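This report concerns only the one structure given below.
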Amino acid sequence: MAMEIHQSAEDYLEAILMIKEKKGYVRSIDVANQLSVSKPSVSYATKRLRENGYITFNEDGMISLTDSGMAIASKIYTRHKVLTDIFKALGVSDEVAAEDACRIEHDLEPETFDAICKYAKEHGLTN
């Protein structure tokens, strides 16, 4: 059974995925900048994520997602993109849409998110 993962851990995994997509590599400083947190916070969080098998470090200190880390990161990132697109389609500014998506992406039950996706698709709000 998968361990209960906290929102902050999901945020870290999602940030790692976003940085990897953008830059092709991920360093601790990139994660700190992305999440606007201190380097010690990143060190603590990445240590926990590594201990739980969600990320690995190579000899250069680059961070990679494991399969289980990628599964969580991509689920959250997909939710983030879909919710942002829907909010923008409703006329919300890009910045606020992204902030609000970030705020609720962790708290929606899968049933609710699936219903939102279905509705959005039927009404042409998402691709």
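Computed from a predicted structure; not experimentally measured. Quick note: residue numbers are just sequence positions, from 1.
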Closest non-hydrogen atom pair between [X] and [Y], with its separation:
X     : Y      : result
Ala73 : Leu65  : CB-CD1, 4.0 Å
Gly53 : Ser68  : O-OG, 3.2 Å
Thr84 : Ala98  : OG1-CA, 3.7 Å
Leu83 : Ala101 : CB-CB, 3.8 Å
Ala97 : Val92  : N-CG1, 3.5 Å
Glu10 : Ile72  : CG-CG2, 4.0 Å

Other residues, nucleotides and ligands only: do more than 12 of their heavy atoms fall within 6.0 Å of [atom1] on [X]?
X      : atom1 : result
Glu111 : CD    : no
Asp67  : CG    : no
Glu95  : CD    : no

What distance do [X] atom [atom1] and [Y] atom [atom2] have between them, rounded to the nearest 0.5 Å?
X      : Y      : atom1 : atom2 : answer
His123 : Ile86  : NE2   : CD1   : 11.5 Å
Met62  : Glu59  : CE    : CD    : 10.0 Å
Leu90  : Asp85  : CG    : CG    : 11.0 Å
Lys75  : Phe113 : NZ    : CZ    : 10.0 Å
Ile76  : Thr78  : CD1   : OG1   : 9.0 Å
Ser93  : Glu99  : OG    : CD    : 8.0 Å

Side chains of [X] and [Y]: does their closest heavy-atom pair fall under 4.5 Å?
X      : Y     : answer
Val96  : Phe87 : no
Ser64  : Val26 : no
Glu105 : Val82 : no
Tyr12  : Val37 : yes

Practice item. Would you check if there is a donor-acceptor pair between the side chains of Arg50 and Tyr54 at a distance under 3.5 Å? Key: no
Single-linkage hydrophobic cluster [X]~[Y], side-chain heavy atoms < 4.5 angstrom:
X      : Y      : result
Tyr119 : Leu108 : yes
Val31  : Ile29  : no
Val42  : Leu35  : yes

Exercise for review: Using modelled atom types only, decide if a donor and an acceptor are shared between the side chain of Arg79 and the backbone of Ile104 within a distance under 3.5 Å.
Suggested key: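 It does not hold such a pair.
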**Study point:** Which residues share a side-chain hydrogen bond (donor to acceptor under 3.5 Å, both in side chains) with Ser43, sequence neighbours left out
**Key:** none
Review point. Given the rule in the side-chain contact (heavy atoms from CB on, under 4.5 Å) test, do Leu49 and Leu13 qualify, once you have shown the distances and angles that lead to the verdict?
Key: CA-CA 9 Å; Leu49 291 171; Leu13 294 171; 4.2 Å; yes
Going by atom type alone, with no hydrogens or angles, which donor-acceptor pairs under 3.5 Å involve a side-chain atom of residues 15-24 and a protein atom two or more places apart or on another chain?
residue	atom	partner	partner atom	Å
Lys20	NZ	Gly24	O	3.0
Glu21	OE1	Tyr77	OH	3.4
Lys23	NZ	Asp30	OD1	2.8

